[in-house]
Number of protein chains: 2
Amino acid sequence: MSAASTPEPSRRSELLGIAAVLFAERGFKNTTVRDIADAAGILSGSLYHHFDSKESMVDELLDTFQTELWARYDEIEASDRTPKQKLEAVVRASFQAIDEHHSEVAIFQNDAAYLAGFDRFAYLGERNLKFRELWTGLLTAGVASGELRAGLDVELVYRFLRDTVWVAVRWYRPGGALTPADVADQYLTILLEGISQ
Amino acid sequence: MSAASTPEPSRRSELLGIAAVLFAERGFKNTTVRDIADAAGILSGSLYHHFDSKESMVDELLDTFQTELWARYDEIEASDRTPKQKLEAVVRASFQAIDEHHSEVAIFQNDAAYLAGFDRFAYLGERNLKFRELWTGLLTAGVASGELRAGLDVELVYRFLRDTVWVAVRWYRPGGALTPADVADQYLTILLEGISQ
DNA sequence: TCCTTACCCAAGCAAGTGCTTGGTAGGGTA
DNA sequence: TACCCTACCAAGCACTTGCTTGGGTAAGGA
């Protein structure tokens, strides 16, 4: 309680980062506490000085990431853009999240279904629902405003949208040739205009 | 060697089907031989009367599925359609594969990266390469023939295409309201024409 | 000097992992 | 009768898993 102002650049967050990378690479269940400890140069038991359990590590990773992401989404939704513009902004924010929180997105993408089975991670299901409402809401509003093509199967388009955005974490590498803005531009062009001549 | 004509409707294939469902639901590493045995109503040791190992089960599942899938792809590629028509046909064949071999596609989608680490599954990498060549070849030919928009980043479009098609296995349910042809139609419309008005 | 805090090691436990072994029951074949 | 086959059980082995326990050390404040 004494160090309330410091952003805690400590060993703890360092270890959390190491765990994040391994979870993202091999999956949560497939990563052992000994793997994490080895990567950190300590013994597995020593990890339990910093964390209660392996679960609490992912929990902390996913929770902080999602809180930050939804702050952006809420901001976009509350802005005074048109539905189509909001859709574009949400897509851009998502690709930026893949860039800035690559490991967390990968963990969420690969292990959310497994983790959602535990009571502790019930919030994952809630977030998914909220996510769905955000996207389908924007799509429906876009069709109503005439910005998007009439007769779209909103539910189906939502699924394609959601999956295509997040699955990019499988090949996108932060620091590579493509910036998240580049990818978002290309993707939005395909999505909005199609690839036909 | 006596029953050469029968398609072997035996206990073996039955067990393989049970294993496929579990592998698809929980992931390969996350599924134990005891899980499979329990689902089949036998003890875990009894599985080894039918199969050499847990690995050989996925191996058989993935290999037979991919052989069948590539028979279709090769047929399409060798046909005398235009590049764009071939692209559409490949997309349709892929969605049909998701319908007919749902578990196998899910296993491939979720565990291919992990399995590719073993020598035994080196063919997964080769197939991936062949897959890439198929898609990028069709896209490049489509741009050259004027059917697809000029200036497309073929590599990026390929990734979007590949991921979006296969990730559908996460939400598509065989026997549901949507046929694979329905999904393919909707998807191709979005891909080719976009969602803008 | 004493105590606290942060950090780590060495050793191990209970549960679970893939897989092996020796054996049994029922049926077919010569 | 003698032999082999398919299909399975019961028991267990060697190993890995997440996590615990009981220490130890270095730094810093009172």
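If you're wondering where the values come from, they're calculated on a predicted model, not measured in any experiment.
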- Task: Can you label the angle between the B/Phe118 ring and the B/Tyr114 ring as parallel, tilted or perpendicular, going by 30° and 60°?
- Result: perpendicular
- Length of the line joining A/His49:NE2 and C/dC9:C1', which is rounded to integer Å: 13 Å
- Message: From CG of B/Asp38 over to P of C/dG18, roughly how many Å is that when rounded to an integer?
- Response: 12 Å
- Message: From NZ of A/Lys54 over to P of D/dC19, roughly how many Å is that when rounded to an integer?
- Response: 8 Å
- Item | Atom pair distance, as rounded to whole Å: CZ in A/Arg34 and C1' in C/dA10 | 12 Å
- Task: Could you check which of C/dC8, D/dC9, D/dT17 has an atom nearest any side-chain atom of A/Ser46?
- Result: C/dC8
- For the residue pair B/Asp182 and B/Thr179, confirm or rule out a side-chain donor-acceptor distance under 3.5 Å. yes
- Query: How long is the line joining CZ of B/Phe118 and P of C/dG18, in whole Å?
  - Reply: 12 Å
- Query: For the pair made of CG in A/Leu47 and P in C/dA6, what is the distance, rounded to whole Å?
  - Reply: 17 Å
- Pair B/Asp35-B/Thr32, side-chain donor/acceptor within less than 3.5 Å: yes
- Message: Counting only side-chain heavy atoms from C-beta out, which of D/dG18, D/dC9, D/dG12 sits nearest to B/Leu43?
- Response: D/dC9
- Query: Among the nucleotides D/dT17, D/dA10, C/dC9, which one has an atom lying closest to any side-chain atom of A/Ile42?
  - Reply: C/dC9
- Query: According to a strict under-4.0 Å criterion, is A/Arg11 in side-chain N/O contact with OP1 or OP2 of C/dC8?
  - Reply: yes
- Quickly work out the A/Phe28 CZ to D/dG18 P distance and round it to whole Å. 8 Å
- Message: Counting the benzene-type ring for Trp, do B/Phe65 and B/Phe108 have ring centres under 6.0 Å apart?
- Response: no
- To the side chain of A/Ser44, which of C/dG18, C/dC19, D/dC19 is closest? D/dC19
- Message: Any side-chain N or O of B/His50 below 4.0 angstrom from OP1/OP2 of D/dC8?
- Response: yes
- Task: Answer with yes or no whether the side chains of B/Ser94 and B/Tyr73 bring together a donor and an acceptor at under 3.5 Å.
- Result: yes
- Message: Expressed as a whole number of angstroms, how long is the span from A/Phe51:CZ to C/dC8:C1'?
- Response: 14 Å
- Options C/dT17, D/dG18, D/dC9, nucleotide nearest the side-chain atoms of A/Val33: D/dG18
- Message: When you measure from the side-chain N and O atoms of A/Tyr48 to the phosphate of D/dT20, is any distance below 4.0 Å, counting only OP1 and OP2?
- Response: no
